[in-house]
Each structure stands twice: as structure tokens, then as C-alpha cells.
There are 2 protein chains.
Amino acid sequence: MLGTRERILTSTGELFRRQGYNGTALKQVTALADAPFGSLYHHFPGGKEELAEAVIKSSGQAYQTLFELIEDAAVDPGSAVTDFFDGAAAVLEQTGYVDACPIGTVALEVASTNDRLRQATAEVFASWVDTAARRLASHGVAPARSIELATLLVAAVEGGFMLSRAARSPEPMRASGRLLRELVESELATVRTVTTTT
Amino acid sequence: MLGTRERILTSTGELFRRQGYNGTALKQVTALADAPFGSLYHHFPGGKEELAEAVIKSSGQAYQTLFELIEDAAVDPGSAVTDFFDGAAAVLEQTGYVDACPIGTVALEVASTNDRLRQATAEVFASWVDTAARRLASHGVAPARSIELATLLVAAVEGGFMLSRAARSPEPMRASGRLLRELVESELATVRTVTTTT
DNA sequence: AGCGCTCTAGAGCGATCGCTCCAGAGGGTG
DNA sequence: CACCCTCTGGAGCGATCGCTCTAGAGCGCT
């Protein structure tokens, strides 16, 4: 069994994915983590806010690693896009549309009510966009253009989670992935043409 | 002054946009609406859940009307896309990134915790997708393809709200709009070519 | 053994939650 | 005028919230 701190962290992330920040009670966290209440405040003296910040940062990092693993395994950037969107859709289906992004729900909840947590979510999104943009740029896409594309990819993933969970259907997520793959591939085709002709 | 029921409805929508479902207390609603607590339960005997369902449906309808007005005013579907995304970005900037989609935050919060409200949000999303898809189809895009494009548009709007609010910047919303305009226009160009050559 | 630090354990606090309940204002109808 | 029904007005209920507090278990060090 993992350490108490790690169990609290992962349990909180799990509950945030299902019911968000305000919908998750700390008693629920300790029950799921099988940890005493005192331990929670020992490891996170700042209470719910500090715990949430730690969860945002650590699960943001975990998702970024997932991005990178999928992209490394894919044969080209276009199929990396569909791999990722289809993978997210599959996880949604398998978990009864429960297991989604642990950042998204919290990000909307705290955007106008808690500046510390808002900033934490902003940093995670920025780091995701940055990661995806670097990959695109390494395939020859212009830097500014890469950032735009990466931003749309992240926005569409989050919106896809929202629509797919609401409809209890993997289609919104999958359809978004298909179209964005086309967009990325046509962008790369442009790059190749330009590179070839100059 | 509007009737009490309408004031409660619009006040709830306003609070949902900023702080979501779980983050909004009914006392806060009655204070903002300047309505007595008893009136809330007179007009919405089902309590918070019934009130939320009414807010979801009515503000979903309001946003759909906004979609249609912008598209009617635009010279072509491509500029309708950027008009809408730029308009949303401008509203965010003007309101201090407070005034966003009243459905989005609630949709994620209730997706796995309240089936009645989940279904209400799903119906609103479906109706938005349907509206946008009909417009695209009326310009010659194949029905199935229109639905895919419309789904991505709605997902990107919601994701754009999330990223822009977290970063307190209009750029994610604007960038998404610019790229999606290109996608829509290249789709329409394909349609024109096919129509012309056959 | 004796000491000290980290961490576990959970009772219980004040505040706030959604909600119930009832008294009465207001106005149309006979 | 008397009556009734819609709606206003707000006190206060039980439950639950985030959080504090204290007691002690476990372990390494001297």
C-alpha cells in the first residue's frame, strides 16, 4: 500500500474527477483513502485548498506524461491526436463516464472564486499547451502557429470530456479527435510543401 | 422590475456562471434576486434541483438564440465562427473573466452525481450541436459531417471558456475561433468544388 | 531505557447548507 | 364586505461542512 500522503492525493484526484472541488467533502476523501482525519491535516496543513493545489499539480503532471507517452508511441502527429482522443473516449466508456480530467471541473469551479487554485489550473493548462506545441514545432510548424493548434487541442479535449460525459456517449470525443487529426495533418502537409519548394 | 420567478432564474444563472452548482447557496440566490426565501420554494417546489433544471433549460435556449443571431448577421459561416468566438472572448474580458457559460461548469459537476441535471445539460448541448449542424448542412456540408463539425465547435467553445478563464486571457478563445474558421472554410471550399465538378 | 519527532486516530466545534413551516399581504371574485 | 388563492416574508430545523484539538502509537537515536 502506498503512503498515506499519496493515498490521500490519489483519492482526492479520483473524487475531483467525479464531483469536482465543491462537491467533494474531506470526510469522503479520508474514507476513500482509508486515512484518519488527522493525517490529512498533518500532510496538508493548509486544508482543502492546499490539498487541491497539490492534486492539480500532480495530476497535471501525470496527464502530461500520458500525452508524451502516446505521442512517442504514435507513428506520426496525426495519429497521435486520434490515439489520444480515442483513448480518452475508451476510458470514459469503461468507467461509466466517471473518470475524466481532474483539472477541468475544478478549473471552472474556482476560476472566479479562488485565485490560488485558478493559477494552479492555469499553469497546468499552459504546460500542456507548451508540450503539445513543442511537438508540433519539432515537425516544422511555425512556433506561433504551433501554440494556436496546441491550444485548440487542449480546449477540444476538455470540451470533449464535457460533451461526452453529459451525453454518456464517446462520440463527441471521437468526432473532435477525427477532425483535429485532419487539421493537424493538413498543417503538416503545408509545412512539407513549403519546405520542399523553398 | 421583472417578476420574482424571473429574477430568481436570472440570478441563479449568473451565480452558476461564476461558481457553479455546488458553489452556489440558495440564500445567495435570494439575496441577489432580492426575493424572500419562501418565494423560491413557491416557484420551485423541487428546491435547488428543480431550480437548476429550469436555469439550464432557459439559459440553454438563450444561448441558442444568441448563436442564431450572430450567424444571421454574419456574411458567411466562416466569419460567423470568429464572430462568435471573438464575442465570447470580449465578454470574458469585459466582465473580468466571470461571465461564462452557465451550462459548462454545472454540466461537469453533475455529470456523475445527478442524472436529472446531467440529462438537462445533455439536451442543451445536443440542441446547440443540432442548430449549428443544420446551418452547416444548409451550406452543402454532408449531414454526418455537419454534426461532427458542430460537435467540435461546441466542445471548443466550452474548452475555450475553461482555458481563457483559467489564464485570464482572451487568447485561447480567440485562437480556437481562428483555427476553426479555417476548418469550416476549407470544408465549404471542398463542398463547392465537389458541387461544381459534378 | 529514555527521549523526541513524525504520523495516526477521531471526537467535536462553529458555521453554513438545503429545506420546512407558518403567518400574513395583496388582489380578484361572489 | 367576506372569501379564497397566490405569493411574500423570514425564523429556524437537522444535517453536513471545513477544520481544530488532544491523545497516543511507532520508530530512530543516544
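Predicted, not measured: the structure shown is a model, and the values here were computed from it. All chains are named by letter (A, B, ...) in the order of the sequence lines, taking the proteins before the strands, and each is independently numbered beginning at 1.
Counting to the nearest Å, the P atom of C:dT20 and the NZ atom of B:K48 are 14 Å from each other. The nearest whole Å value for the distance from the CD atom in A:E50 to the C1' atom in D:dG18 is 14 Å. For the pair B:N22 CG and D:dT16 P, the interatomic distance rounds to 15 Å; values are reported in whole Å. In this structure, B:H42 places its NE2 atom 17 Å from P of C:dC19, rounding to the nearest Å. Atom-to-atom, CG of A:L51 to C1' of D:dC19 comes out at 13 Å; the value is rounded to the nearest Å.
Nearest heavy atom pair, residue A:G104 against residue B:L108, reads C-CD1, 4.0 Å. Among all heavy-atom pairs drawn from A:R17 and A:T105, the shortest one is O-OG1, 4.4 Å. A pairwise comparison of heavy atoms in A:E71 and A:A80 identifies CG-CB, 3.6 Å as the closest pair. The minimum heavy-atom distance linking B:V184 with B:P77 is given by the pair CG1-CB, 4.2 Å. Considering every non-hydrogen atom in both A:Y97 and A:R165, the closest pair reads O-NE, 3.3 Å.
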| Per-nucleotide protein contact string for nucleotides 20-28 of chain D, where B marks a base within reach and S marks sugar-phosphate only (heavy atoms under 4.0 Å, - for neither) | B--------
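In this structure, CD in B:Q119 is found 11.0 Å from CD1 in B:I56, a value given to the nearest 0.5 Å.
Using the six-membered ring where Trp is involved, A:F37 and A:Y41 have ring planes that are tilted, between 30° and 60° apart.
Shown for residues 23-32 of chain B: residues whose heavy atoms fall under 4.0 angstrom of DNA chain C, namely B:T24, B:A25, B:L26, B:K27.
Within 6.0 Å of atom CZ in B:R116, more than 12 heavy atoms from other residues, nucleotides or ligands are found, so the atom counts as buried in its surroundings.
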